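The chain is numbered in sequence order, starting from 1. Small disclaimer: the values here were computed from a predicted structure and weren't measured.
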Amino acid sequence: MAYLLVFLGAGLGGAMRHGVNQFAAQALGVAFPFGTLAINVAGSFAMGLLAEYLGLRSQLPQDVQLFLATGVLGGFTTFSTFSFDTISLWERGEWVAAAIYAASSVVFSLLGLLAGLVLVRLLTVGQAA
């Protein structure tokens with residue numbers, strides 16, 4: 001059952017990723033991987049929220065945790081795509097764009113995760129775990 005939950009969650013996350021990429025391509029063009037950057041930052045933020053919440057409210061069933069964290073967020077976040085996009089920019093001779101993209105993806109994804117952790121901590125101050 002656990003594999004089915006991860007499979008279904010990953011399908012949902014992958015469909016969400018595709019939607020964000022399509023929107024970004026239409027809104028901002030395809031010369032820079034804005035969609036992947038947004039997905040990595042948003043996915044890291046969501047993982048921070050989820051990890052902190054699960055740490056405080058561990059009574060959620062393991063199946064729900066698998067579906068959300070491993071499935072949905074695993075299907076949504078795109079670090080392998082990030083790597084491909086960075087190398088593609090580099091190979092096209094766009095070294096500055098590749099460096100900016102790689103650095104901003106890492107920095108803003110880490111900040112996104114931290115923001116998620118902090119937000120849950122602020123919202124749950126004084127609440128029993």
Side-chain angles (χ1 to χ4, degrees):
M1 180 63 156
Y3 285 100
L4 179 60
L5 291 170
V6 170
F7 173 77
L8 294 172
L12 178 60
M16 292 167 34
R17 179 179 69 229
H18 180 65
V20 171
N21 274 325
Q22 291 298 306
F23 174 79
Q26 290 174 353
L28 302 168
V30 296
F32 189 85
F34 288 108
T36 303
L37 176 60
I39 289 162
N40 283 337
V41 174
S44 293
F45 177 73
M47 185 62 84
L49 290 174
L50 187 60
E52 188 67 13
Y53 183 78
L54 293 175
L56 295 172
R57 307 270 187 254
S58 61
Q59 57 269 51
L60 280 178
Q62 180 68 24
D63 287 346
V64 173
Q65 295 179 37
L66 281 173
F67 176 77
L68 293 174
T70 306
V72 175
L73 287 178
F76 180 67
T77 57
T78 57
F79 212 79
S80 60
T81 305
F82 150 81
S83 300
F84 177 79
D85 289 338
T86 302
I87 297 304
S88 293
L89 287 168
W90 184 271
E91 289 182 338
R92 289 195 321 243
E94 297 178 40
W95 306 303
V96 173
I100 290 170
Y101 176 63
S104 61
S105 290
V106 171
V107 169
F108 289 119
S109 293
L110 292 172
L111 289 174
L113 187 122
L114 181 61
L117 294 172
V118 169
L119 182 59
V120 169
R121 290 173 186 167
L122 290 173
L123 293 174
T124 59
V125 169
Q127 296 180 11

Which atom of [X] lies closest to which atom of [Y], heavy atoms considered:
X: Leu49; Y: Gly116; value: CD2-O, 3.4 Å
X: Ser109; Y: Ser44; value: O-CB, 3.1 Å
X: Met16; Y: Phe76; value: CB-CD1, 3.8 Å

Handout entry: Distance in Å, Ile100 CD1 paired with Leu89 CG, rounded so as to fall on 0.5 Å steps
Key =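 One gets 10.0 Å once the value is rounded to the nearest 0.5 Å.
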Problem - Residue pairs, two or more places apart or on separate chains, that pass side chain to side chain donor-acceptor pair (under 3.5 Å) and touch residues 1-11 - result: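 Listed once each, the pairs would be none.
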Practice task
May I have all residue pairs that pass side chain to side chain donor-acceptor pair (under 3.5 Å) and include part of residues 67-79, sequence neighbours excluded?
Solution key: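 Sorted result for residues 67-79: Asn40-Thr78.
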Exercise for the section: Answer yes or no: does atom CZ of Phe34 have more than 12 heavy-atom neighbours from other residues, nucleotides or ligands under 6.0 Å? Expected result: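 Atom CZ in Phe34 is packed in, count exceeds 12.
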Problem - Hydrophobic cluster (4.5 angstrom, side-chain heavy atoms) - remaining members for Ile87 - result: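 Ile87 clusters with nothing; isolated.
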Practice task
Would you mind listing the cluster partners of Val118? Hydrophobic ones only (ILVMFWY), side-chain contacts under 4.5 Å, chaining allowed.
Solution key: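 Members alongside Val118: Leu114, Leu122.
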Practice task
State, with a plain yes or no, whether a side-chain heavy atom of Leu119 is found less than 4.5 Å away from one of Phe45.
Solution key: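 With C-beta onward as the side chain, the pair touches.
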Look at the side-chain heavy atoms of Ile, Leu, Val, Met, Phe, Trp and Tyr, link any pair under 4.5 Å apart, and say whether [X] and [Y] land in one connected group.
X: Phe82; Y: Leu111; value: yes
X: Met1; Y: Leu12; value: yes
X: Val41; Y: Val107; value: yes
X: Ile39; Y: Leu50; value: yes
X: Leu113; Y: Tyr53; value: yes

Output side-chain donor-acceptor pairs under 3.5 Å for residues 19-33, partner residues at least two apart or in another chain, one line each.
from  : atom 1 : to    : atom 2 : distance (Å)
Asn21 : OD1    : Thr36 : N      : 3.4

For residues 61-69, which side-chain N or O atoms pair as donor and acceptor with protein atoms under 3.5 Å away, sequence neighbours left out?
from  : atom 1 : to    : atom 2 : distance (Å)
Gln65 : NE2    : Leu60 : O      : 3.1

